[in-house]
Every structure is written in structure tokens, then in C-alpha cells.
Amino acid sequence: MKNFFRLSFLLYILIMCNGYTFAQQESNTARLLRTRAYGSLVYPSYARSIEWMPDGEHYIQVEQNENAKMEIVTYTAKGDNRTVLIPAEQLMTDKASGRQLAVGDFSFSEGLDKMLIFTNTRKVWRYHTRGDYWVLDRKSGVLHQLGKGLPESSLMFAKFSPDASKVAYVSKNNIYVEDLQTKTYKAITTDGNDTIVNGTFDWVYEEEFDCRDGFRWSGDSKFIAYWQSNTSGTGWFDIINNVDSLYPTVQHFPYPKAGTTNSAVKIGYVSANGGSTTWLPIPGDERNNYLPRMEFIPGTNQLFIQQMDRPQHTNKVWTATIGKNDLQNIFEDSDEAWVETNNQVKWLRGNKYFTWMSERDGWRHLYRVSADGKQMSLITKGNFDVIQQVGLDEKSGYVYFIASPDNATQRYLYRAKLFGNGKCELVSDANLKGQHSYNMSPTCTWAVHTFSNAQTFPQTDMQSFPSGKTVKVLVDNSKAQQEFDEMGLQAKEFVKVKSGELMLDAWMIKPFNFDASKKYPVIIDVYGEPANATVQDVWSSSAWHQYLASLGYIIVSIENRGAAAPRGREWRKCIYGEVGTFASEDQAQGILDMARQFPFIDSERIGITGWSGGGSQTLNCMFRYPKVFKTGIAVAFVADQRLYDTIYQERYMNTPQNNPEGYKNGSPINWAKGLEGNLLLIHGTGDDNVHYQNCEMLVNKLIEEGKIFYQVSYPMRSHSISEGAGTTQHLRKTMENFWLKHLPAGGM
């Protein structure tokens, strides 16, 4: 396959790129091939690999020593002072043989005296959250495995009690507490089974609320508060595995589809020594309300709980104290469309105030709320969205956050006073146009800063705050940048297009050896749903777009209404109840406007492709606007919105019972009779997220309508279609062949 690809690619280059000498083409091709067009443009990454220490002056990394053994080291933020925190010997389970633990993750007790090591990990759906845990006593050097006698690689979410005397963890849907002095453990819940889930979550909470770790230690180390999910009564989905054994096996798991019965979820607390659980009497049906967030207020035994109603119009905040009957609804946020969970609640002035993100004034802003919920004041103010909070320095009185008031494709660091007038101050270098990200220390005195844009490889440095000045360069990627520049690849060009009177952001990549006097085919890469944004001025490691451009295509992405761009509440939420309709309209109108602006776009050769929600929008565009979109590739798509899960689909559409017309209009399966062009359907049969059922139902409908189409199914591949030898290469080659056959490449 590799040699075939190399020869084929050379042939494409020779045919498509007129005006270059053979020697020039061979050089550019060789460089492009090194980027692995079916993979990524690889560059060093720094910001993701460090963890700050509590003092805010040091950070931790896992490194190999001169003997190729792993050790954990610290560096000073200023300068390059390196100290070995955990030597290789302390990570050895057998010093005689030199056998080490493979460190998947780690954490420290509050005083750094003890270390938790996560190893021998296993994937649960998308992430490695199951495995074995070991505790290292740094003073004695003793390494002790937790949960001996429990099944191998069955422990989840282990964490120290605040006083570091115990560790709690989940195994087989029950919570255990282990005493580090006696090295004995005890199950403090015992009713966990296939349908009762303690201390972790069912599929839909994990996927849509990002809930995994399902228990919390109280401030005095005496209690554990936890979630319990009862999945009985929820619809269970079966995935049939036909490829791994002589007879099929079935993966059977609870998956509530839109409008159906949810798990019953509640919160309670239990003594760390065991005993009965006290369940909090939070009002509302446990199956028709959500409890997506729960934390102890810092240093206390008081819980701070967020509760959403099923349509996710309202987020109520409840407080409750361990051992007291004082459940109170202190605060409420609401929206006619939907509200979001608050993931970055921070407490101020000895727990007298907390921070809260809300869109109640039409923009996503940070607020300061009194502990009783009676007072609410803007911390940030203006006609812009706060994208992310990255640091809070209560000592100096500032909060740091990401925003982009003037260009929705870019990202910059700002700060505002926690008790000020709402004025916001730009911290990032305004001359560096693109996206800035920050891994800020707990004290907000330092940050690992990464900058990139669509033409610039990520550059990472250490910055000092509040000045934001660079004190040392961590990764400059100059060599990678030079190699990229020498390839002669086309940079993304950002443009504006119209859908009616609405202005949309878009980008395009022109073909190699572009000739403006010719007309070129277009491939639109779409997502289009509220969970993501594709038009961003940031470096992309994907070589796929560049490879397609090298074949003679203009690659385009258009940001339609409803996408997660920082353009205000109305932009994002105007699609409420109508997901799929506005997106396809904006994609159609947008590309036609782009063709009017740029005569080199061939409006008779427009293709579109997308994955997941983007696959759904590809189908809607192909079916609803067949005169515009002539060829499409839809990957891992939702064909009928009723087939997707409750939390995601109902957040944007309400239930099918309350919004039948919206579900009908937004689901591509109901428009299948409109297909006129060339369509390729791609799906993994093992997709636990967007089930293969979507593909089969759409295929059935297309057959009923007498439509000719193409289909490739990947046996037991998940939503990412990445498992198994050769899968990614086969997938990309399949897509490439389809484009070349049905959407002729090159300028005409």
C-alpha cells in the first residue's frame, strides 16, 4: 500500500501541477509524503505534558533517565533548574529485575508525601479510566498496590482523602475505601451491579456531561458523597460482533434515545467507614432531571450541586451540609433555549462568593454570585463571549480568561478584576494574530503559553504574569516550520460569505499550482452542529486537506449559524428546535456566495463531507439542496435525530414528543427522496455513540426511494473508525478514490 500510494501520488502531482519542473515536483512530493497525508503533520507538543505543583513555581514531567527508566522530575518556571522528585528506583515493583510501573497518570497528596500511580489501564468507551493503582510513600519509599484481591485493572478514579490517611476508588460499580496504615479496604457501597452504578456513570452522562469520576471526599475526610445511577427501565442497545469469534457476541449497554426513559440518578453521602447512605431529597423526578455537577465547597462539608430539568432550560444550584437537614435552592439560571453546566466554579473571599458563567445578557460572561445566591454582578462586561476561564488570582484580584471580541476565528488572553466594574484588559500580544492558549500555574504567576495560526506552527514559551512576558522558549518548532514552508503547501485563506443578510466566516485552501483563470472543484468540510466550530485560525496537524488540495481541489469550511463560535447567544441558539435546517441552508447559500465572489470556483463541481454531526449535515445538504451539492461523503452520521441520545439531542431540540416537526425537518432520512448526486455512506458497525442502526435505516429508506448510492461499513470500528490494522489508510484511500471518480479534480 505504501509503495502504491507513493507512485500514485507522484502521478497525481505530475498531472495536476503544470508549470513545475520534475525535480521541483519530486522535492515537494517527497516532503509532503513525509507528513503522512493519511495521518498528521507531527510537531513537538509541550503544553499538554506538564502538571503544575501547588506552589505555582515548579512543574512536573515524566522523563526517561540515562538508563531509559522513567522518573518524575520538577523544573522551575524561571530558569531550567531540574530536580528528580521520584527517582526511577521508587517506581520499581521489582528492584532486582528493574521492572517499573508504566505510569499512565499520577497525583499527589496535599503535602506531596504520598503519590498515587495509575497503571495497567483499560479503555472504558473513549478513555482509559480503569486500571490498577499503587501508592508510593515518599518518605519510606514503600510502594503498595491498592485493592489487592479485586479483579485486575478494575479500579477507577482513586484519590486521597484530604488528610491523606485513606484512598477511595470504584471497582465493579461499588465504592471502596482503603486505609493506608493498615492496608485494608472495605466496600462502603454494596448494591452495585449491572444496573445500579455507584461512583461512576452510565453511557449518556459520560458522553454528554463529561461525567466519569462519580464521588467526592468531604473536607474533613470522614464522608464520601457520590452519584448513583439506576439504569433499569432505560432502553439497552446491542452491538453485534461478527468478526472476533466463530459465533457472534453481543455488547449490551443502556442507551436512552431521544424521548425515551433515562436512568434514575441521585446523590447521597456515606461514612468513609461504611454504613447506610443518606440520600439528598432534591425535588424532581430522578429520570426527568439531571445532576451533572456536584462538589464540596472548599474545606467544608457542604455540597454545591447543579440540577438541570430534562429540556435543560434551567440550572438550579442546591446546597446541602453533611449531617444536616438544610437542603436549599440558592440560585437558578435559565434560558428559553438551553443552559450549560458550569465547570469552573471558583470560590472567593472565604467562600462568600462564587463565580458563574451565564448568557443571560446575550453574551457568555463571568459573574460573581454571593454564597446565598441573592446578589449577582458582572465580572466581565461587553459585547463579546468569554470562551474559557484559565486562571484566578484572588490575591491580586484578577481572573484570566480567553476571548476574541473582534474575530471569532481567533483566541486571546484577557483579564478583569473580580470586584471591579467589568472592564477587560488584553494580555496576549495583539501583534500575534491567531490563537493563544495557556496552562496557568495555580498562583497565576506563570503560564505555559502556546501560539499558532493557520500558517504558523505552534510555538510554546514560559510567560511571567501579570506582564505576560516570555522568560524562556520551550518549543519554537522552527525546523518544522521551515520544512512546512519549503513544501510549497497552500495556506488557509479566511474569507467572509453570506447566507441571506447573515455574514459567515469561512476558509479555503487552493490547489497546488493554482491558476485563477481556471475553475476548480470544491470539497466542503462541514460540522455545523452546536458542539464544535471548524473555522478557526489555528494550526491544524491534519495533512488530509493539503493532500486533497494537491489533487486539484479547493478545500472549504463554512461556519453556519448554531456552531460553537464566540458570536453571542443569538448566533448559537437561534437554531433551537431546528438543528439541521439552518445549517444546510447556510452551507448552500454560503458556497454559492463564495462562487460569486471567486470566479475560480466551479459551482457545478461542489462536494461536501463531514463526520458525526458533520455527516448529518452532509446528508441534509445533499438531500435538501441537490442542485448545489453534487457529491458527498457522510461518515458516522445521525440519520434520524430520534436515534441519538436524550441529553445531547433534547438539549437542542426538546423531545420528539414536544417537537415532532423539528425532528422531522432536521433528520436527513426524511429528505432522502431529494438525492440526485453521488453519495458515499461510511459507518463503523461497532459505533457505540452514533449507532450503525442510523446507516441501516437510511440505506433502507434510500432503497425504498429507488436511489443509487455507495456504502462502506467497517466491522466493529467505533465512532472514530480507527481501530484495526490498516483502517485509517483504507478509509482515506476509499474517500480519495470516491472524490476522484465522482468529482473530477483539477482546473478547467
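All values reported here derive from a predicted model rather than from experimental measurement. Throughout, numbering of the chain's residues begins at 1 and tracks the sequence.
Between Asn678 and Lys630 there is no side-chain heavy-atom pair separated by less than 4.5 Å. Within the 4.5 Å cutoff, the side chain of Thr121 has no heavy atoms near those of the Arg130 side chain. Between Tyr553 and Pro511 the shortest side-chain heavy-atom distance does not fall below 4.5 Å. Counting only heavy atoms from C-beta outward, the side chains of Ser616 and Leu619 never approach each other to under 4.5 Å. Side-chain atoms of Tyr255 and Trp236, non-hydrogen and from C-beta on, never get closer than 4.5 Å to each other. Between Lys498 and Met503 the shortest side-chain heavy-atom distance falls below 4.5 Å.
For the residue pair Thr646/Asn262, the side-chain donor-acceptor check at 3.5 Å is satisfied. Inspection of the Ser713 and Gln711 side chains reveals an N or O donor paired with an N or O acceptor under 3.5 Å. Residues Ser722 and Arg717 have side chains that never bring a donor and an acceptor to within less than 3.5 angstrom of each other. A side-chain donor-acceptor contact under 3.5 Å links Asp688 and Trp203. Checked by atom type, the side-chain pair Asp202/Ser263 shows a donor-acceptor distance below 3.5 Å. Asp586 and Ser499 share a side-chain donor-acceptor pair at under 3.5 Å. Side-chain N/O atoms of Glu723 and Ser718 include a donor and acceptor closer than 3.5 Å. For Gln536 and Gln435, the side-chain atoms include at least one donor-acceptor pair closer than 3.5 Å.
Between the side chain of Ser612 and the backbone N or O of Phe637, no donor-acceptor pair lies under 3.5 Å. At least one donor-acceptor pair closer than 3.5 Å links the side chain of Thr200 to the backbone N or O of Arg212. Between the side chain of Arg605 and the backbone N or O of Pro744, at least one donor-acceptor pair lies under 3.5 Å. The backbone N or O of Thr534 lies less than 3.5 Å from a partner atom in the side chain of Glu559, making a donor-acceptor pair. Panel note: side chain Asp645, backbone Ile647; a donor-acceptor pair is recorded below 3.5 Å. Put simply, the side chain of Asp537 never gets that close to the backbone of Asn453: no donor and acceptor are under 3.5 Å apart. Not a single donor-acceptor pair under 3.5 Å links the side chain of Trp671 to the backbone N or O of Ile669.
Ring pair Tyr710/Phe738: centre-to-centre distance below 6.0 Å. Between Phe209 and Tyr290, the distance separating the two ring centers is shorter than 6.0 angstrom. Under the 6.0 Å cut-off for aromatic ring centres, Trp125 and His719 do not qualify, their centroids lying 6.0 Å or more apart. The aromatic ring centroids of Tyr714 and His730 lie less than 6.0 Å from each other.
Ion pairing of Arg732 with Glu736 is absent here, as no side-chain N (NZ or NE/NH1/NH2) approaches a carboxylate O to less than 4.0 Å. Salt-bridge check for Glu585 with Arg624: failed, with every basic side-chain N at 4.0 Å or more from each acidic carboxylate O. The pair Glu207-Arg126 counts as a salt bridge, with a side-chain nitrogen and a carboxylate oxygen less than 4.0 angstrom apart. By the 4.0 Å N-to-carboxylate-O rule, Arg569 lies close enough to Asp335 to be salt-bridged with it. Of the charged side-chain nitrogens involved, at least one lies within less than 4.0 Å of a carboxylate oxygen, so that Glu359 and Lys573 count as a salt-bridged pair.
Annotation: Asp194, atom CG; neighbour count of heavy atoms from other residues, nucleotides and ligands within 6.0 Å does not exceed 12. Open room surrounds CD on Glu336; 12 or fewer heavy atoms of other groups in view lie less than 6.0 Å from it. The environment of Lys707 atom NZ is dense: over 12 non-hydrogen atoms of other residues, nucleotides or ligands sit within 6.0 angstrom.
Taking the six-membered ring where the residue is Trp, Phe600 and Phe598 present tilted rings, their angle falling between 30° and 60°. Note: His683 and Tyr692 have perpendicular aromatic rings, judged against thresholds of 30 and 60 degrees for the angle between ring planes.
With Thr618 as the fixed residue, the side-chain contact (heavy atoms from CB on, under 4.5 Å) test singles out one of Leu680, Ile608, Ile633: Ile608. Considering Arg310, Lys257, Arg642 as possible partners of Glu650, the one that fulfils the salt bridge (Lys or Arg N to Asp or Glu O under 4.0 Å) test is Arg310. For the side-chain contact (heavy atoms from CB on, under 4.5 Å) with Ile523, the lone residue among Ile555, Val556, Leu551 that qualifies is Ile555.
Shortest non-hydrogen contact noted between Pro521 and Ala745 is CG-CA, 3.9 Å. Taking all atoms of both residues into account, the shortest heavy-atom contact from Ala565 to Ala533 is N-CB, 4.3 Å. Heavy-atom minimum distance, Cys695 versus Leu681: SG-CB, 4.4 Å. Of all non-hydrogen atoms in Asp505 and Ala408, the two that sit nearest each other are OD2-CB, 3.8 Å. Heavy-atom minimum distance, Asn659 versus Met653: ND2-O, 3.0 Å. In plain terms, the two heavy atoms of Ser540 and Lys492 that are nearest each other are CB-NZ, 4.3 Å.
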Could you walk me through whether Tyr644 and His691 satisfy the ring-ring contact (aromatic ring centres under 6.0 Å, His included) test, starting with their C-alpha distance in whole Å, then the side-chain angles of each, then the deciding distance to 0.1 Å, before giving a yes or no? CA-CA 8 Å; Tyr644 201 51; His691 303 144; 8.0 Å; no
Asp602 and Tyr520: CA distance, side-chain angles, deciding distance, side-chain contact (heavy atoms from CB on, under 4.5 Å) verdict: CA-CA 5 Å; Asp602 189 343; Tyr520 292 87; 5.8 Å; no
Between Thr655 and Gln649, is the side-chain contact (heavy atoms from CB on, under 4.5 Å) condition met? List the steps. CA-CA 8 Å; Thr655 63; Gln649 207 62 55; over 6 Å; no
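No cation-pi contact links Arg651 to Trp338, judged by a cut-off of 6.0 Å to the six-membered ring centre and 45° from its axis. Trp571 does not carry Arg561 over the face of its six-membered ring by the limits of under 6.0 Å from the centre and within 45° of the normal. Under the 6.0 Å distance and 45° angle rule, Lys510 counts as a cation-pi partner of Phe514.
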